[in-house]
Amino acid sequence: MSRPLILVTNDDGILAPGLAALAEAVQDLGEVLVCAPETERSGSSHAITLHSHLRTDEIKPGWFRVNGTPVDCVYLGSLHLCARRPDLVVSGVNPGFNLGSDVFYSGTVGGAAEGYIRGASAIAVSVHARESPRVAIPIVRTLAKVLLASSQRSLLNVNIPWLSREAPGRAADTVAEGLPLQVTRLGARPYVEQVERRQDPRGQAYFWIGGPPRDAGEKQGEDTWAVLHGQISVTPLVLDITAPDLSPWQSMLEHVSVASTSAGGEPT
Ligand code: MN
């Protein structure tokens with residue numbers, strides 16, 4: 001087998017320390033290409049740039065910056081910058097968890113999911129907001145080796161708790177060594193709903209939306225529970241969000257046909 005091709009991206013921008021940690025984690029596992037947004041695109045989910053131009057430049061050998069989203073980076077990287085399709089796409093290391101419904105908003109997960117759509121296995125990696133991204137290095141190396149050796153194509157969402165809090169004085173890239181990996185499902189991830197209205201210096205209103213996370217009633221087996229209990233959470237994702245059981249909706253719509261909009265055509 002030829003050397004695997006590994007594409008590294010993130011949503012925090014090409015200069016983010018998490019990106020360097022991720023590139024370091026996989027550097028000797030194959031041929032590595034880094035392609036990341038030129039500015040932070042956190043919260044960009046699966047956004048793709050279809051209505052304006054993209055530009056890319058190689059800021060150092062094998063490191064490409066793109067004026068787009070993580071999905072743009074993975075699309076352009078996979079189809080144009082890489083000599084062939086990547087075998088593995090790694091995205092992160094995001095400073096702050098991506099748990100539960102965060103996966104719908106996360107650009108870190110968006111980049112990984114795009115890699116999966118383009119035919120690679122993919123890993124999205126996030127750490128506790130106060131943790132060094134370097135704790136992810138041995139975890140990503142381990143998972144990357146497993147995925148590259150496996151015939152099962154996977155999309156994994158990895159969240160790493162604040163491990164170094166328990167290991168003062170130890171080098172960040174060693175604190176995870178020997179720890180198990182917990183396979184989890186997505187948990188609930190409620191946030192305080194918040195719209196803050198402010199006024200700019202010219203008297204116009206502007207808004208900040210979104211509040212902090214709040215207690216979720218975490219359940220064992222869920223990603224939120226795992227990180228709360230100091231475990232490294234690995235959630236396998238699938239991209240088909242169709243309801244697993246269609247029967248309630250089949251019953252609901254069984255005797256329904258589309259009503260006429262003309263007079264007298266109210267649904268009966
Ligand atoms: Mn981010």
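We count residues from 1, following the sequence as given. What you are looking at is a predicted structure, and each value in this text was computed from that prediction instead of being measured. Indexing begins at 1, ligand by ligand and atom by atom, following the structure's order.
- Within 6.0 Å of CZ in Arg130 there are 12 or fewer heavy atoms belonging to other residues, nucleotides or ligands.
- An angle of 90° is found at the Mn ion (ligand 1) between Asn94 atom OD1 and Asp11 atom OD1, rounded to 10°.
- Under the 4.5 Å side-chain heavy-atom criterion for Ile, Leu, Val, Met, Phe, Trp and Tyr, Leu143 and Val135 are members of the same hydrophobic cluster.
- His128 and Trp162 have parallel rings, their planes meeting at less than 30° on a 0 to 90° scale where 60° marks the start of perpendicular.
- Counting backbone and side-chain atoms alike, Ser42 contributes an N/O/S atom closer than 2.8 Å to the Mn ion (ligand 1).
- Note on Asp12: its N/O/S atom closest to the Mn ion (ligand 1) is OD1.
- A distance of 10.0 Å separates NE2 in His229 from OG1 in Thr224, rounded to the nearest 0.5 Å.
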